[in-house]
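Counting begins at 1 with the first residue of the sequence. Everything numeric in this text was worked out from a predicted model, so none of it was measured.
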Amino acid sequence: MLMIVFTNLLIIALIVGYAGWQLTKTFKRAKKGKCAACAYDCVLKKAAASRSDSAKI
């Protein structure tokens, strides 16, 4: 019984810790003025790149 409680608490601590790390990373990027998903090649990023490429022509 005690081992099950310990295992559950460990899993909960890992999940909460990972969520906190992700939030911290997101807030640090936001303070720098970057989008939270800047590492990804999203639709908005592609649209902005194509718009800037067409303006150069």
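Across Leu14, Val16, Leu10, a single residue satisfies side chain to side chain contact (heavy atoms under 4.5 Å, CB included) together with Ile12, and that is Val16.
Hydrophobic cluster membership for Ile15: Ile11 (Ile, Leu, Val, Met, Phe, Trp, Tyr linked by side-chain heavy atoms under 4.5 Å, directly or transitively).
Listed by first and then second residue, the side chain to side chain donor-acceptor pair (under 3.5 Å) pairs that reach into residues 4-19 are Tyr18-Gln22, sequence neighbours excluded.
The 12-atom threshold is exceeded at CG of Leu23, counting heavy atoms of other residues, nucleotides or ligands nearer than 6.0 Å.
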